[in-house]
There are 2 protein chains.
Amino acid sequence: MLKISELSAKVGLSAHTLRFYEKNGLVNASVRSESGYRYYNDADVKRVEFVKSARNIGFSLDDISTLLSIRVDKQSHSCQEVTDITQNKLDEVNSKIAELQSMQKILQILLDSCCGGPENAIHCSIMEALEDHEIQSPHEGVS
Amino acid sequence: MLKISELSAKVGLSAHTLRFYEKNGLVNASVRSESGYRYYNDADVKRVEFVKSARNIGFSLDDISTLLSIRVDKQSHSCQEVTDITQNKLDEVNSKIAELQSMQKILQILLDSCCGGPENAIHCSIMEALEDHEIQSPHEGVS
DNA sequence: GTTGACCTTAGACTTAACTCTAAAGTTTAT
DNA sequence: ATAAACTTTAGAGTTAAGTCTAAGGTCAAC
């Protein structure tokens, strides 16, 4: 059984974060000492590691809550529920990538167009591009 | 001279946002009526449009403050100052893209590995991947 | 038997860029 | 002259995922 700082060292999440996860219903210590200290058993550690893996992929804590509830009763849940969550996350990631790529493209064009030297900025083509109405908002409706 | 709601309609930013920008030193109405109403002249409108263009590319309000201060005295600033800001933004965008692409890759692998059907999740390969320690955190030190 | 390291809680703070509210004053249209 | 529509301000709320603090209790070592 691990105390919170031991678990923290083992999984690489701060004790604060572990308590925060508990407050949000993700992981709790299955044992408390008389004085209230948290003690984590092997199953608790596995659960924390599951949360950490899911965080590393980019799942939100909300997603992870759902994944955890599937995890504790896999019998009653389908693969489709799991792929739905995963697909939604992938869609979100893809649209963020698209948005960033459109910024990337414009930034690169701006950089290519400007001398970038010690000349004063009176004829700076980046400033000109920002002043003229050349720049449209990338896909506003995507969230 | 435009009132705030007219400017709002013209540039597509809410009156709230325009006041917020003013509070943060980005744009203010160069004229106030006796009763305190904001009135924006052509130069103000241009400035707001500049801010909007810069926002659309993804510059932070902090970056935009700097760009605006260059804009009002281009004589005293160099193209290099402008390209530095732009290059920093591009670097940031590129590293976010890289991070998202590494998530994307893993999510795609997970989706490809799972049947996604109505079967129960006892042998779900996505759940298994999250339970085993297959998933590493993407570049933690990149910010 | 006391120092120092650890643990507890509730709750405030952080970031960025808004977004909204309340309470009051102003302008416009009829 | 009055109702509707607009404006003002200060300040609170939003989001996500922590991060930190204060004030106190506990445990291990010497």
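The figures here come from the full heavy-atom set of this structure, side chains too, leaving out hydrogens, waters and symmetry mates. First the proteins, then the strands, lettered A, B, ... as listed; each starts at 1.
- For B:Asn24 and D:dT9, the CG to C1' distance is 15 Å, given to the nearest whole Å.
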Could you list the donor-acceptor pairs under 3.5 angstrom formed by side chains in residues 4-12 of chain A, with sequence neighbours left out?
| from | atom 1 | to | atom 2 | distance (Å) |
| --- | --- | --- | --- | --- |
| A:Glu6 | OE1 | A:Lys3 | N | 2.7 |
| A:Ser8 | OG | A:Leu13 | O | 2.7 |

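- Regarding contacts with the backbone of C:dA5, every side-chain N or O of A:Ser5 stays at 4.0 angstrom or more from both OP1 and OP2.
- The nearest pair of heavy atoms linking B:Lys89 to B:Glu92 is NZ-OE2, 3.0 Å.
- Residues A:Thr83 and A:Gln80 meet the side-chain proximity criterion, which asks for heavy atoms closer than 4.5 Å.
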In residues 110-122 of chain A, what donor-acceptor pairs under 3.5 Å come from side-chain atoms, sequence neighbours left out?
| from | atom 1 | to | atom 2 | distance (Å) |
| --- | --- | --- | --- | --- |
| A:Asp112 | OD1 | A:Gln108 | NE2 | 3.1 |
| A:Ser113 | OG | A:Leu110 | O | 2.8 |
| A:Ser113 | OG | A:Ser125 | OG | 3.0 |
| A:Asn120 | OD1 | A:Ile122 | N | 3.0 |
| A:Asn120 | ND2 | B:Gln75 | OE1 | 3.3 |

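- Every residue meeting the side chain to side chain contact (heavy atoms under 4.5 Å, CB included) condition with B:Ser33, not counting sequence neighbours, appears here in chain and number order: B:Ser35, B:Tyr37, B:Tyr39.
- Checked against side chain to side chain contact (heavy atoms under 4.5 Å, CB included), B:Asp44 has the following partners two or more places apart in sequence or in another chain: B:Ser30, B:Tyr40, B:Asn41.
- Whole-Å rounding puts the B:Ile4 CD1 to D:dT8 C1' distance at 10 Å.
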Next item on the list: Summarise protein proximity over nucleotides 17-27 of chain C in one line of letters, 5' to 3': B for base, S for sugar-phosphate only, - for none, counting protein heavy atoms closer than 4.0 Å.
Entry: BBBBB---BBS
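- Taking atom CG of residue A:Asn28 and atom C1' of nucleotide C:dT8, one finds them 16 Å apart after rounding to whole Å.
- At whole-Å resolution of the value, CD in A:Glu92 and C1' in D:dA16 are 12 Å apart.
- Taking the side chain of A:Arg19 as heavy atoms from C-beta on, and the options D:dT7, C:dT8, C:dC6, the nearest nucleotide is C:dT8.
- An angle of 20°, rounded to 10°, separates the two end axes of the helix from C:dG1-D:dC30 to C:dT30-D:dA1, each defined over five pairs.
- Between B:Glu22 atom CD and D:dT8 atom C1' there is a gap of 11 Å when expressed in whole angstrom units.
- Residue B:Arg38 places at least one side-chain N or O under 4.0 Å from the OP1 or OP2 atom of D:dT8.
- To the nearest angstrom, P of D:dC6 lies 10 Å from CD of B:Glu6.
- Crowding of B:Gln136 atom CD: a count of heavy atoms from other residues, nucleotides or ligands under 6.0 Å not exceeding 12.
- Here D:dA17 presents its P atom at 14 Å from CG of A:Asn56, a figure rounded to the nearest Å.
- Within the 4.5 Å cutoff, no side-chain heavy atoms of A:Tyr21 are placed close to those of A:Ile64.
- Judged by distance alone, with hydrogens and angles left aside, the side-chain atoms of A:Arg47 form a donor-acceptor pair with the main-chain N or O of A:Leu26 at under 3.5 Å.
- We find that NZ of B:Lys89 is positioned 11 Å from P of C:dA16, with the value rounded to whole Å.
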